[in-house]
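Below, chain A is the first sequence line, B the second, and so on; all start at residue 1. Hydrogens, waters and symmetry mates play no part in the numbers below; they use all other heavy atoms, side chains included.
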Amino acid sequence: MEMPIPDPAVLARKDRVVARLQAVLPTDAVIQDAAETRAYECDALTAYRCPPMVAVLPASTQEVSEILRICHEEGVPVVPRGSGTSLAGGALPTADCVILGVARMNDVLETDYDNRTIKVQTGRTNLSVTGAVEENGFFYAPDPSSQLACAIAGNIAMNSGGAHCLKYGVTTNNLMGVTMVMMDGEIVELGGAHMGASGLDLLGLICGSEGQLGVVTEATLRILPKPEGARPVLMGFNSAEIAGACVADIIKAGVLPVAIEFMDKMLIEVCEDFAKADYPMCEALLIVEVEGSEAEINDQLALITEIARRHNPVALRESASADESARIWAGRKAAFSAIGRISDYMCLDGTIPVSELPYVLRRIGEMSEHYGLRVGNVFHAGDGNMHPLICYDANKPGDLEICEEFGAEVLKLCVEVGGCLTGEHGVGIEKRDLMTHQYAPADLEAQMAVKDVFDPQWLLNPAKVFPLAVSETRRALDVAAE
Amino acid sequence: MKPDTEAALADIVKSAKGPLAIQGGGTRGLSPRGDLLSVAGLSGITLYEPGALTMVAQAGTPISEIEAALAVENQRLAFEPMDHRAVLGTQGDPTLGGVISANVSGPRRIQGGSARDYALGVRFVDGTGTAVKNGGRVMKNVTGYDLVKLMCGAFGTLGVLTEVSLKVLPSPETQGTLMLRGLDDVGGVRAMSAAMGSPYEITGAAHCAKIMEGGSVTALRIEGFETSVAYRMDRLKDLLKDFNADMNVADATMSDWIWKSVRDATLLAEVPEDIWRVSCKPSDAPALMARSGAVGWYFDWAGGLIWVRMPAGDDLRASLGAFDGHATLVRASEATRAALPVFHPEAPGVAKISAGLRARFDPRGILNPGLMGPVAREVA
């Protein structure tokens, strides 16, 4: 993956930039020593690393504003960073950039149960938002697998989803307002505790813009009352086709489960080995979860298992206890760690129309043989978001490149059948060069026009989302200030 | 002008010499200035996959046609779009493009989200006549910027929608509405808040005290399977017993009628005053109305949406002052609409971004000029 050549004029101004940042921030908030900036050299896409020129750790919106004003005046690129858990390289630095980390900004500013909102600083982790309200019976719905570590800032930048978004939606459906600092240091407020925008839906535009339009420092989030209960059922089938048909029938019957997760045979074995979830060994496993009171859960599961039986399941088991439910989910949620234990892997994130699942899985199987790399599949089956995990050997020269080529072919296939390159991880650098497969030049031009308005000099996270060749003339505007 | 293909529509925009007034069904009564450009010729459902909860249709497709197709599969548009014809006295058929352009959402917005939350993809023609695609037809998609949200609620000022992909949802087996009588505005909002904070998934919460004869009514809707609705209704009654209000349950037929009335503001159809729509933090609603100078009002969205009857020509925004939210002028005389902007003025930093976007997407300022603040040329 290519990155732009660092601007020597910016590197030459490092001392002055550092001095100006030190003048507005506490001493320990400006990191410039080569040994220390290394901590920020990558995110969760660890195959790519580059220490930044400087890293800053502001503690307030005002400090973020000062930092961006200085970087704007000095013509220095800024890469915003939440917790650094991006799988797409969204927080990957360039050697001439300032990494702006929001990790010190993690306060809860206001909880409002009457209006069902919470206002937080965006360095706060996803799970600790729920942690702040669960004693009162509430939770924050989006639940990416990395929720223990990932920050709300990154969730907003990537419009993160999770296993339960079939019912509750993704970040954009749960975000009500933000305080955002523009690249020139101006602070703007979008939305609030009310619903809907007064003019253009700029909040909807910010969410998922990968830190390229502004730095979001505070967020008002929708919180929801916890359901009375939830319980999953496990279903095993002889083929992905049958599992897919079963999912379609469940949805058509009018039940809306809170989650429908799919795993193929390789993932079932790996997860079972790791988490001892007592999964049945079969070609295709579904975990279907419903919510409500005990009686409501029983009613819904009765309907769902009746539908499943029509598809000749090889296994069908309702969770019998809270402990068993936890283990069933532990297996699925540990999928990435479980496979990481046996191999290096690359996690893809394409989305496809649900009806295309059997065809796409068959094609991935064929590609797996062609490239000689193993692949396992987990899949949010209700919404079509796939996570093929391609195994490779990082120590074997050329293996990463083969894996990347394989991954690119899978993502092109997703687009070909009517889907998209990324369902919840974002484009970052990882899918940047594939954007031309999904979007025509005019489509990309319209998106880049938006960045022109928010960040005319293309200083915010400039080397992401758009293929470098496509954004080149705009990034060249990044003229050094004197 | 009424093109029947996206290419023909693009040609019209490209060769336009002056402002274009974009129209779907013409039911929203916004009448911007310019030559009429009707999108009604771009009509028809192009894809419907019930098992994937997905529908794609051209922008001029009547909502009635979409709802009829969904009903066959026992599905629906969960955002419950309002029909403006009663309150505005307009004719015509509401279209998909109009509903999405105005982000029109009904009572279920508090639980299920608004039109923009169900829009998966769009095609549109920008102010230069260029056709653009964004999003797609899958439910999870973070590939590039979300221009779908930007187009929802842009009232055609950034581009003319030609096609929309939607997430649709199953229709519930039944519904019921718990009615509480005798609560004042503060009590009504508190009761709605208590209900919304429960796990019983309230899909409609409205309170109406000063809008008609017969005292106040607070209405709470529950939808789902028969046994589930019955169970939740009992629990809800128990939860709200300390409000000491008379309670009764409206059955499915009555409940359906109640929420269509709330959705379409039919109570306000015949009143002589101006009509405003206020979006606010729900718990602020009673105090806002106390200082509004309004003749009457009712709350939807648990208090987060207020429909207001204002004496003709009075500036509601002036009497409310600064608050967390905004006020939109829905119905007024030509003179009032000339004096008071339809949309709430934005803060300077936000207005600058909005104007910048309009200047990029519609550099000649020809798409629905006069709506949503000054057009590009006036800013420049």
**Message:** With a 4.5 Å cut-off on side-chain heavy atoms, are A:Met195 and B:Ser114 touching?
**Reply:** no
**Request:** With rounding to the nearest 0.5 Å, note down the distance linking NZ in B:Lys149 to CD1 in A:Ile206.
**Result:** 13.0 Å
**Prompt:** So, the side chain of B:Asp324 versus the backbone of A:Gly192: is there a donor-acceptor pair under 3.5 Å, distance only?
**Reply:** no
**Message:** Go through it in stages, so that I can follow the logic: the residues are B:Glu201 and A:Lys167, the test is salt bridge (Lys or Arg N to Asp or Glu O under 4.0 Å), and I'd like the CA-CA distance, side-chain angles, deciding distance and then a yes or no.
**Reply:** CA-CA 12 Å; B:Glu201 295 181 308; A:Lys167 178 170 177 186; 2.6 Å; yes
**Prompt:** What part of A:Gln447 is in contact with chain B, defined as an atom under 4.5 angstrom from a non-hydrogen atom: side chain, backbone, both or neither?
**Reply:** both
**Asked** Which one of B:Ser228, B:Gly356, B:Gly121 has the most heavy-atom pairs closer than 4.5 Å to chain A?
**Response** B:Ser228
**Message:** Working to the nearest 0.5 angstrom, can you tell me the gap between B:Asn103 CG and A:Asp201 CG?
**Reply:** 7.0 Å
**Prompt:** What is the minimum heavy-atom distance between A:Cys420 and B:Thr143, and which atoms define it?
**Reply:** CB-OG1, 3.5 Å
**Prompt:** When rounded to the nearest 0.5 angstrom, what distance separates CG in A:Leu166 from NZ in B:Lys140?
**Reply:** 9.0 Å
**Message:** Which atoms of A:Leu421 are under 4.5 Å from chain B, going by heavy atoms: the side chain, the backbone, both sets, or neither?
**Reply:** both
**Request:** Taking all non-hydrogen atoms of both residues into account, name the closest pair between B:Arg232 and A:Gly292 and its distance.
**Result:** NH2-CA, 3.9 Å
**Message:** Any non-hydrogen side-chain atom of B:Tyr231 less than 4.5 Å from a side-chain atom of A:Ser293?
**Reply:** yes
**Proximity breakdown for A:Arg222 and chain B, heavy-atom pairs closer than 4.5 Å** = side chain
**Message:** Closer than 4.0 angstrom, basic N to acidic O: yes or no for A:Glu228 and B:Arg235?
**Reply:** yes
**Fill in**
Cut-off 4.5 Å, heavy atoms of chain B, and the answer for A:Val417 is backbone
**Request:** Can you tell which part of A:Leu213 gets under 4.5 Å to a heavy atom of chain B, answering side chain, backbone, both or neither?
**Result:** side chain
**Top contributor to chain A contacts, counting heavy-atom pairs under 4.5 Å, from B:Leu147, B:Asn134, B:Asn141, B:Val142** = B:Val142
**Prompt:** Taking all atoms of both residues into account, what is the closest heavy-atom pair of B:Gly135 and A:Gln438, and its distance?
**Reply:** O-NE2, 4.5 Å
**Message:** Given heavy-atom pairs under 4.5 angstrom as the criterion, report whether the side chain, backbone, both or neither of A:Asp299 touches chain B.
**Reply:** side chain
**Prompt:** What part of B:Asn74 gets closer than 4.5 Å to chain A, counting heavy atoms only: side chain, backbone, both or neither?
**Reply:** neither
**B:Leu357 side chain near A:Leu205 side chain, heavy-atom distance below 4.5 Å** = yes
**Request:** Name the option with the most non-hydrogen atom pairs under 4.5 Å to chain B; the candidates are A:His425, A:Glu291, A:Lys451.
**Result:** A:Lys451
**Prompt:** Between B:Pro199 and A:Lys226, is any pair of side-chain heavy atoms under 4.5 Å apart?
**Reply:** no
**Message:** Which residue is it: B:Ile353, B:Val350, B:Thr157? I am looking for the one with a side chain to side chain contact (heavy atoms under 4.5 Å, CB included) to A:Leu200.
**Reply:** B:Thr157
**Message:** For B:Arg116 versus A:Gly204, what's the shortest heavy-atom pair and its separation?
**Reply:** NH2-CA, 3.5 Å
**Asked** A:Ile187 versus chain B, heavy atoms under 4.5 Å apart: side chain, backbone, both or neither?
**Response** neither
**Item:** Pick from B:Gly304, B:Cys280, B:Gly153 with the largest number of heavy-atom pairs that fall under 4.5 Å of chain A
**Value:** B:Cys280
**Request:** Return the option, out of B:Glu173, B:Lys167, B:Glu49, B:Met196, with the maximum number of heavy-atom pairs under 4.5 Å with chain A.
**Result:** B:Met196
**Item:** Straight-line distance of B:Leu150 CG to A:Leu202 CG, nearest 0.5 Å
**Value:** 7.0 Å
**Request:** Name the region of B:Ala154, side chain, backbone, both or neither, that has any atom closer than 4.5 Å to a heavy atom of chain A.
**Result:** both
**Request:** Measure across B:Gly144 and A:Val427 and return the closest heavy-atom pair with its distance rounded to 0.1 Å.
**Result:** N-CG2, 3.6 Å
**Prompt:** Non-hydrogen atoms of chain B under 4.5 Å away: do they reach the side chain of A:Glu210, the backbone, both or neither?
**Reply:** side chain
**Asked** With ring centroids as reference points, do B:Tyr145 and A:Tyr439 lie under 6.0 angstrom apart?
**Response** no
**Message:** With a 4.5 angstrom heavy-atom cut-off, is it the side chain or the backbone of B:Ser283 that approaches chain A, or both, or neither?
**Reply:** both
**Request:** Begin with the C-alpha distance, continue with both residues' side-chain angles, and end with the deciding distance and a verdict on side-chain contact (heavy atoms from CB on, under 4.5 Å) for B:Arg190 and A:Asp114.
**Result:** CA-CA 8 Å; B:Arg190 279 183 43 236; A:Asp114 286 342; over 6 Å; no
**Request:** Drop me the distance from B:Asp117's CG to A:Thr172's OG1, to the nearest 0.5 angstrom.
**Result:** 7.0 Å
**Prompt:** Is there a side-chain contact between B:Lys281 and A:Asp112 (heavy atoms, below 4.5 Å)?
**Reply:** yes
**Atom group of A:Val450 that falls short of 4.5 Å from chain B, counting heavy atoms** = both
**Proximity breakdown for A:Asn385 and chain B, heavy-atom pairs closer than 4.5 Å** = side chain
**Asked** Between B:Val138 and A:Pro353, is any pair of side-chain heavy atoms under 4.5 Å apart?
**Response** yes
**Item:** Nearest-0.5 Å distance, CG of residue B:Leu305 to NE2 of residue A:His194
**Value:** 12.0 Å
**Message:** Can you tell me which of A:Lys464, A:Met435, A:Met176 forms the most heavy-atom pairs within a distance under 4.5 Å of chain B?
**Reply:** A:Met435
**Asked** How about A:Asn115 and B:Ser193: do any of their side-chain heavy atoms sit closer than 4.5 Å?
**Response** no
**Prompt:** Do you know which of B:Phe225, B:Phe323, B:Phe155 has the most heavy-atom pairs with chain A at a distance under 4.5 angstrom?
**Reply:** B:Phe225
**Request:** Please report the C-alpha distance between B:Lys352 and A:Met182 in whole Å, then the side-chain angles of each, then the deciding distance to 0.1 Å, and finally whether the side-chain contact (heavy atoms from CB on, under 4.5 Å) criterion is met.
**Result:** CA-CA 12 Å; B:Lys352 194 170 85 183; A:Met182 306 284 287; over 6 Å; no
**Asked** With side chains defined as the heavy atoms from C-beta onward, is the minimum distance between A:Thr351 and B:Met139 less than 4.5 Å?
**Response** no
**Closest heavy-atom pair and its distance - A:Ala193, B:Pro282** = O-CD, 4.2 Å
**Contact class of B:Gln111 relative to chain A, heavy atoms under 4.5 angstrom** = backbone
**chain A contacts, top residue of B:Gly159, B:Ser171, B:Gly197, B:Ser105 (heavy-atom pairs, under 4.5 Å)** = B:Gly197
**Message:** Can you tell me which portion of A:Ala440 sits under 4.5 Å from chain B's heavy atoms? Options are side chain, backbone, both or neither.
**Reply:** neither
